[in-house]
Every structure is written in C-alpha cells, then in structure tokens.
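Encoded as structure tokens, the structure appears first; notes follow it.
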Amino acid sequence: MKKIDWENLSFGYQKTDYNVRCYYRDGKWGEIEVSSDENINIHMAATCLHYGQEAFEGLKAYRCPDGKVRVFRPEENAARLQRTCRGIVMAEPPTELFIEMVKKVVRLNEAYIPPYESGATLYLRPLLIGTGAQVGVRPATEYLFMIFVTPVGPYFKGGFSTNPYVIMRDYDRAAPLGTGTYKVGGNYAASLLPHELAAEAGTPERKFADAIYLDPKTHTKIEEVGAANFFGITKDNKFITPASESILPSITKYSLLHIAKERLGMEAIEGDVYIDQLDQFAEAGACGTAAVITPVGGIQHKGKFHVFYSETEVGPVTRKLYNELTGIQFGDVEAPEGWIVKVE
C-alpha cells in the first residue's frame, strides 16, 4: 500500500500506476491494453473534440474490513454508459468488457486503494471517446474506451455535513428531451458558470455549495443539485426524488429508493418536486457516486432561505440512509443481491 495521507485526501486527480484501454476499430472491440501513460494520442479531427462524442462514468472500489476489495454496482454503470452510447450514437462497450476492465484496473492499482478505516475510496473513471477523424457531423468509426483510477476523499469539504444551496432560475443544466439524461461532458460544462454564480451569491456567513436547477420547461420543479440528484424526506416519512427525462438517472439515487423502501420501510416515490412545496420536507439531500449523500441544510429561493431539519445538523433519516448505503458499500451491511462485485 502506498504511503498516502488517506484521511486527508481531497476529491481530485492523483496519478496512479496504470490505466486500461480498449479500441473499437473495423466494427469490433480489440484486446484490453495496459498503459502507464497519462496521455492520449488522438487525431486533431477526432469527433470527441468537434462534435461532442464523449461519455464517461464514475464508480468506486472499497477496501472492506476483511481486507477484500469490492466494487459497487458496476453492471449499472455499464448499462448507463450503453444507454448514453445509444443516445449520441457511439459504439457500446459490452457489459463483460466493462466489468473485466474494471476488475483489471483495480487489481493493477491495488496499492492505491485506501484502507478500510480511512473512509476514503478508489474512484474509477471509465471514459469513452470518438477518436475517428471526421469533418462533418456524423458518428466516428473508431472509439477509445479506457478506465483510469485515483484515490479520493469526500467530494465536498467537510464530508458528511450539511450545505446550503441556491436556486438558479436563469440557467438550465439541460434542455427538455435533450442530453441531460446522458452522462456526457457537455452537460457538466453547462454547469460551470451557474456553479460560480452560486458561490458568488453567498455571503461570508452562508456560502452556497452549488446551484439547484429547476425543470427547463416550466421552472417550477426541482431537478438536480449541481451535478447530483435531489431527494427529500417528507414530514410524514416519505422518500421523494424527482422524475424527469432531462436529468441523469443516478445509480446512487435508485439505490437509495430501494434502501428507503426495503430497509427503512418508507414509502419511496419518484415524482414531481415542486419548488413552492418545500414546506412538505423535513430533510433534504443531494446524492451521487462522488458525493454519496450530502445533506442539504437549506435552499435560497426568491430572497427566502428555507431551512430543513437543521442548517448545520444532519437529519436522522438522512443519516440512516447514509449509514445503510455506505455500510453496504464498505461490506459492513449485507448487500442486496447483485450489488457488489468482488475483485479477487
């Protein structure tokens, strides 16, 4: 194991020893290649650079109490990547190839997997790009699928603690029936300016962590919290999360829907979350692979700051969801069938 200050890791890129790559050429995927090079050599006319043929995923590997390494729901990441490929017309990496490359890159970089008690994880970034040279808007004929890894700490500074957010009414993260439901880089580029404006909108006493986006069609419903999905816990103990065709289908969100219903006995609902009905929620949170769960302490909207359970303390149901989810991921709690893949 590498000598790293595991407990003080930030969420960012750190060089590791190897990445794995596979090329799609002549209508088929080739052999898996191992590389220690951090760079990619691509043609200046590659479709990823000009026409946005680029997709990525994010998942984590965990060192568990028994010393074994486990990956959380990689088949769901493979399925989501394949769905994105269909949406922007790219070659789909088969699930078997995806899982094999996940296991291989984790084994190759085993020394960078943080120890169990540190709370840190090994973050995996699968990346698919169109590498075929093209001038003219049409799909590439060649693609590169690769996975690199980096050890990471909490996504938000302070880890599992509450954060305030601000509603961003003047910007949409994605268009109705557009690419918002796909994990492509352009959606994240569209969030950079609103994120900066959200930070500027705060005060020294209350600094906003990010923007909250409303639905792009009516601007009446909450859709996403920055780059994460939103959920709320109602005062009558229901778990509610937005349903929309313009937001990313979060694997963490669907895992929490299952946990809320099957483990905590709650009514779990995927539906509309109207911004003028925040009073129904006792607690709220943002969720995603990087953030896991980030409790939302309050939301600024039209000059009013709505506080949930507490602006500074984590609500009891949010804490239960977090403990159950991370317990499953780190091997402390029995996982539902098919959720965990062991890396031998």
Side-chain angles (χ1 to χ4, degrees), residues 1-25 29-63 69 71-72 74 77-78 80-81 84-85 88 90-93 97-115 118 120-134 140 142-155 183-189 191-192 227 288-291 343:
M1 187 178 297
K2 297 289 183 178
K3 291 183 178 180
I4 296 174
D5 186 2
W6 303 109
E7 295 183 0
N8 293 304
L9 271 178
S10 61
F11 193 96
Y13 176 76
Q14 182 173 147
K15 186 181 185 303
T16 52
D17 292 339
Y18 302 102
N19 58 78
V20 293
R21 309 178 180 198
C22 188
Y23 288 90
Y24 180 90
R25 296 182 177 119
W29 290 99
E31 298 296 320
I32 298 173
E33 302 174 12
V34 176
S35 175
S36 57
D37 193 347
E38 295 176 277
N39 300 306
I40 303 171
N41 184 22
I42 59 174
H43 197 284
M44 62 184 178
T47 60
C48 63
L49 300 177
H50 299 267
Y51 307 118
Q53 278 204 299
E54 178 271 348
F56 67 96
E57 280 294 322
L59 64 160
K60 291 178 178 178
Y62 306 80
R63 193 181 298 279
V69 177
V71 180
F72 184 70
N77 289 96
R80 189 169 64 182
L81 179 61
T84 296
C85 289
I88 60 172
M90 296 199 296
E92 298 179 33
L97 175 65
F98 187 100
I99 300 297
E100 184 179 355
M101 290 177 66
V102 163
K103 289 181 176 180
K104 192 175 190 68
V105 77
V106 170
R107 284 195 296 264
L108 287 167
N109 294 285
E110 193 273 340
Y112 291 92
I113 303 173
S118 69
T121 56
L122 186 72
Y123 184 79
L124 284 70
R125 171 52 57 84
L127 173 67
L128 177 65
I129 58 173
T131 54
Q134 202 87 277
E142 296 183 1
Y143 296 88
L144 166 62
F145 177 51
M146 68 178 298
I147 306 179
F148 66 84
V149 303
T150 183
V152 296
Y155 187 73
K183 199 167 178 66
V184 295
N187 293 335
Y188 294 83
S191 72
L192 294 175
T289 297
V343 179

**Prompt:** Is the shortest heavy-atom distance from the side chain of Val343 to the side chain of Arg107 under 4.5 Å?
**Reply:** yes

**Message:** Looking at every heavy atom in both Pro93 and Cys85, which two are closest together, and how far apart are they?
**Reply:** CD-SG, 4.0 Å

**Asked** Does a side-chain heavy-atom distance below 4.5 Å link Asn109 with Pro151?
**Response** no

**Asked** Can you find a heavy atom in the side chain of Asp17 that is under 4.5 Å from one in the side chain of Tyr112?
**Response** yes

**Prompt:** Say you draw a straight line from OH of Tyr24 to CZ of Phe145; how long is it, rounded to the nearest 0.5 Å?
**Reply:** 14.5 Å

**Request:** Mind checking the CE-CE spacing from Met146 to Met101? Nearest 0.5 Å is all I need.
**Result:** 8.0 Å

**Within residues 32-53 or reaching into it, pairs that qualify as salt bridge (charged side-chain N to carboxylate O under 4.0 Å, His left out) - sequence neighbours excluded** = none

**Asked** CG/Asn187 to OG1/Thr84 distance, rounded to the nearest 0.5 angstrom?
**Response** 9.0 Å

**Request:** Would you please classify the geometry between the Phe148 ring and the Tyr13 ring as parallel, tilted or perpendicular, with 30° and 60° separating the classes?
**Result:** perpendicular

**Asked** Is it true that atom OH of Tyr18 has more than 12 heavy atoms of other residues, nucleotides or ligands lying nearer than 6.0 Å?
**Response** no

**Request:** Determine whether Lys104 and Leu108 make a side-chain contact, defined as any pair of heavy atoms from C-beta on separated by less than 4.5 Å.
**Result:** yes

**pair Pro126-Asn77: side-chain heavy atoms closer than 4.5 Å** = no

**Heavy-atom side-chain proximity of Thr121 to Val152 below 4.5 angstrom** = yes

**Asked** Are any non-hydrogen side-chain atoms of Leu144 and Arg21 less than 4.5 angstrom apart?
**Response** yes

**Lys60 NZ: over 12 foreign heavy atoms closer than 6.0 Å** = yes

**Prompt:** Can you check whether Arg63 reaches Met1 side chain to side chain, under 4.5 Å on heavy atoms?
**Reply:** yes

**Item:** Minimum heavy-atom distance Tyr143-Gln53, with the two atoms named
**Value:** OH-NE2, 3.3 Å

